[in-house]
Amino acid sequence: MVKIIDGKALAAAVRAEVATDVAAIKADGGRICFAAVLVGDDPASQIYVRNKQKACEKAGIEFTLHTLAGNCQQRQIVALLKKLSQDKTVNGILLQLPLPATVVGRDEMAAINAIDPQKDVDGLTNVNLGKLANRTADLVPCTAQGVVHAITSVCPDLTGRNVVMIGRSRIVGRPTALLLENLNATVTVCHRSTRDLTEHTKRADIIVVAAGHPNLLTAKMVSRGAIVIDVGINRLPDGHLVGDVDFANVAKKAAAITPVPGGIGPLTIAFLLRNVVTAYRGQHSLQNH
């Protein structure tokens with residue numbers, strides 16, 4: 001019988017821990033603040049930011065939203081992020097991605113790297129990704145943390161496990177692969193240029209899919225008893241949300257699987273909150289758990 005990994009329940013436990021930590025900070029006279037920067041008026045991005053705001057408020061974290069027009073110049077985004085980085089009352093900063101088409105590629109990275117690495121609660125600056133590669137990161141990308149938390153909820157020891165990571169994005173695929181390697185898993189990263197994807201996935205104990213392609217992973221590509229983590233979220237023409245995994249059929253073979261929605265999404269926000277607390281502690285020379 002397949003186990004459906006309940007991301008909402010796992011996230012609720014993480015958020016409860018965060019709320020306890022925030023209450024302790026406040027009891028000691030501290031003030032913890034998170035700033036989000038939203039560029040443009042993309043409806044999906046607005047929803048994501050609103051969800052983060054609600055999560056912060058429930059945890060007792062102050063939330064401020066800074067908005068810029070979609071046609072603004074990259075230098076304006078950089079200036080705002082640098083201003084927030086220098087503001088001692090702000091503990092965590094997030095630049096909502098993706099940015100409008102006018103700010104892409106190298107410009108987008110310049111904007112991300114304008115964030116003080118100590119306040120980079122997305123863990124996406126070059127400094128923090130470099131620390132992750134060197135196993136010294138405190139602020140690790142939130143989705144990568146969520147993926148690992150989901151996996152270890154059903155498989156606590158990843159030593160020697162064969163993991164296939166489908167997708168190599170800076171936001172999900174690369175940091176997730178690094179985090180899994182740091183936990184002694186053997187990781188194969190696959191992408192659109194991989195030859196015979198099924199040859200790799202059939203050998204995997206654990207498959208993580210973050211490709212942005214509906215139903216990319218089918219049942220014939222999965223060995224019986226595998227753990228399947230679906231990071232994808234795709235809206236079909238009829239309005240339904242689906243992941244990158246053919247959930248109904250893959251679930252018949254998997255030992256455990258995450259649903260979409262209700263899987264990795266809630267965990268991503270929960271670990272964002274945890275990163276805000278981690279950032280606060282780092283800035284105040286307090287020990288992190």
Side chain of [X], backbone of [Y]: donor and acceptor closer than 3.5 Å?
| X | Y | answer |
| --- | --- | --- |
| K26 | R31 | no |
| T176 | G173 | no |
| T143 | V172 | no |
| D6 | L10 | no |
| K253 | A219 | yes |
| T258 | I264 | no |
| D120 | I115 | no |
| Q74 | E108 | no |
| Q76 | C72 | no |
| N134 | T136 | no |

Only one of V90, L80, D116 passes side chain to side chain contact (heavy atoms under 4.5 Å, CB included) with S85, and that residue is D116
If hydrophobic clusters are built by linking Ile, Leu, Val, Met, Phe, Trp and Tyr wherever their side-chain heavy atoms come under 4.5 Å apart, do [X] and [Y] end up in the same one?
| X | Y | value |
| --- | --- | --- |
| L216 | I171 | no |
| V164 | L158 | no |
| I93 | I269 | no |
| L197 | I229 | no |
| V18 | V121 | yes |

Any side-chain heavy atom of [X] sitting closer than 4.5 Å to one from [Y]?
| X | Y | result |
| --- | --- | --- |
| V208 | I166 | no |
| D246 | P214 | no |
| L97 | I112 | yes |
| F247 | I257 | yes |
| C56 | L273 | yes |
| M165 | C190 | no |
| V147 | V231 | yes |
| H240 | R235 | no |

Has [X] got more than 12 heavy atoms of other residues, nucleotides or ligands less than 6.0 Å from its [atom1]?
| X | atom1 | result |
| --- | --- | --- |
| N184 | CG | yes |
| H66 | NE2 | yes |
| R170 | CZ | yes |

- Message: Test side chain to side chain contact (heavy atoms under 4.5 Å, CB included) on V260 and V242; report intermediate values, then the result.
- Response: CA-CA 6 Å; V260 174; V242 298; 5.8 Å; no
field: Any donor-acceptor N or O pair under 3.5 Å, side chains D244, N234
entry: yes
Q: Go through the side-chain N and O atoms of N162 and R203 and say whether any donor and acceptor fall under 3.5 Å apart.
A: no
Can you tell me how far the [atom1] atom of [X] sits from the [atom2] atom of [Y], to the nearest 0.5 Å?
| X | Y | atom1 | atom2 | result |
| --- | --- | --- | --- | --- |
| H284 | N91 | NE2 | CG | 6.0 Å |
| K252 | R224 | NZ | CZ | 10.5 Å |
| N51 | L272 | CG | CG | 11.5 Å |
| L124 | L95 | CG | CG | 9.5 Å |
| Q96 | S45 | CD | OG | 4.5 Å |
| C155 | I206 | SG | CD1 | 4.5 Å |

Taking it one step at a time, do C33 and T89 satisfy side chain to side chain contact (heavy atoms under 4.5 Å, CB included)? CA-CA 7 Å; C33 178; T89 67; 5.7 Å; no
- prompt: Is there a side-chain hydrogen bond (donor to acceptor under 3.5 Å, both in side chains) between D138 and T278 once you walk through the steps?
  reply: CA-CA 7 Å; D138 289 320; T278 298; over 6 Å; no
Item checked: Criterion side chain to side chain contact (heavy atoms under 4.5 Å, CB included) on V49 and F63, from CA distance to verdict -> CA-CA 10 Å; V49 168; F63 179 92; 3.9 Å; yes
*asked:* Between R274 and V14, is the side chain to side chain contact (heavy atoms under 4.5 Å, CB included) condition met? List the steps.
replied: CA-CA 8 Å; R274 176 170 283 179; V14 174; 4.0 Å; yes
Restricting to non-hydrogen atoms, name the atom on [X] and the atom on [Y] that form the minimum distance, rounded to 0.1 Å.
| X | Y | value |
| --- | --- | --- |
| L139 | A279 | CD2-N, 4.0 Å |
| R135 | E181 | NH2-O, 4.1 Å |
| D122 | C142 | OD1-SG, 3.9 Å |
| V2 | A251 | CB-O, 3.3 Å |
| A255 | G225 | CB-O, 3.3 Å |
| V228 | A254 | CG2-CB, 4.1 Å |

Item to complete: Hey, can you tell me if H149 and F271 have their rings parallel, tilted or perpendicular (30° and 60° cut-offs)?
Response: perpendicular
With side-chain hydrogen bond (donor to acceptor under 3.5 Å, both in side chains) as the test, would you mind laying out the steps for Q145 and N275 before giving the verdict? CA-CA 10 Å; Q145 290 190 69; N275 273 356; 3.1 Å; yes
